[in-house]
Amino acid sequence: VTSDVMADKQRALCLSFIRRGQQADGGWMPSADAPADAATTALALQALQQYASDPRLARSTYRAEELADAITRGRSFLAAQQKPDGSWSDVATTSWALVALLMR
């Protein structure tokens, strides 16, 4: 998609790492031995949503429909984690979650 072979390779590696980290519940886990959480999910969503407008950039790892599904599942997980007071545990996580949910 670009003429920068090294950048394309790094993007593919990063997207593959992100893809492997998404759990069945739609969230992303911060490490292999931890459950999915709102902060990690918000950041992963922000990264993936950058590709939504041009999914060809993610085609090394996701077909367009797979990318859309990963984003939808992540957004659902994130929305379900919101607390009754409107937050996601702390100010930083709430801020990242809001940015992730506002992106389209």
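One-based numbering along the sequence shown.
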Closest approach of [X] and [Y], non-hydrogen atoms and distance?
X: Ala44; Y: Ile18; answer: CB-CG2, 4.3 Å
X: Leu67; Y: Ala58; answer: CD2-CB, 4.3 Å
X: Phe77; Y: Ala38; answer: CE2-N, 4.2 Å
X: Ala100; Y: Ala42; answer: CB-O, 3.6 Å

**Request:** Find out whether Leu101 and Trp88 are in side-chain contact, i.e. whether some heavy atom of one side chain is under 4.5 Å from a heavy atom of the other.
**Result:**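 Side chain of Leu101 against side chain of Trp88, heavy atoms only: contact under 4.5 Å found.
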**Prompt:** Is the shortest heavy-atom distance from the side chain of Asp37 to the side chain of Pro30 under 4.5 Å?
**Reply:**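 A side-chain contact under 4.5 Å exists here.
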**Request:** Could you tell me which residues satisfy side-chain contact (heavy atoms from CB on, under 4.5 Å) with Pro35, sequence neighbours excluded, listed by chain and number?
**Result:**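 Partners of Pro35 under the side-chain contact (heavy atoms from CB on, under 4.5 Å) test: none.
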**Request:** Using side-chain contact (heavy atoms from CB on, under 4.5 Å) as the criterion, list what pairs up with Ser89, not counting sequence neighbours.
**Result:**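 Applying side-chain contact (heavy atoms from CB on, under 4.5 Å) to Ser89 gives Lys83, Thr93.
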**Prompt:** What distance separates Glu66 CD from Leu48 CG, expressed to the nearest 0.5 Å?
**Reply:**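 So the gap between those two atoms works out to 12.0 Å.
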**Message:** Please report the interatomic distance OG1(Thr94) to CD(Gln81), rounded to the nearest 0.5 Å.
**Reply:**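 Reported to 0.5 Å precision, the distance equals 12.0 Å.
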Does one hydrophobic cluster hold both [X] and [Y], with members joined at side-chain heavy-atom distances below 4.5 Å?
X: Leu57; Y: Leu45; value: yes
X: Leu43; Y: Tyr62; value: no
X: Ile71; Y: Leu15; value: yes

**Request:** Apply salt bridge (Lys or Arg N to Asp or Glu O under 4.0 Å) to Arg75 and list each qualifying residue two or more places apart in sequence or on a separate chain.
**Result:**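 Testing Arg75 for salt bridge (Lys or Arg N to Asp or Glu O under 4.0 Å), a comparison that skips the adjacent residues, returns none.
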**Request:** List, by chain and number, the other hydrophobic cluster members for Met29, where Ile, Leu, Val, Met, Phe, Trp and Tyr join if side-chain heavy atoms come within less than 4.5 Å, directly or indirectly.
**Result:**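 Direct or chained contacts put Met29 with none.
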**Item:** Other ILVMFWY residues reachable from Val99 by side-chain steps of under 4.5 Å
**Value:**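 Listed partners: Met103.
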**Item:** Main-chain N/O of Ala12 paired with Ser16 side-chain donor or acceptor, under 3.5 Å
**Value:**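 No, Ser16 side chain to Ala12 backbone: no donor-acceptor pair under 3.5 Å.
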**Asked** Which pairs pass side-chain hydrogen bond (donor to acceptor under 3.5 Å, both in side chains) with one or both residues in residues 23-32, sequence neighbours excluded?
**Response**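 Qualifying pairs: Ser31-Asp33.
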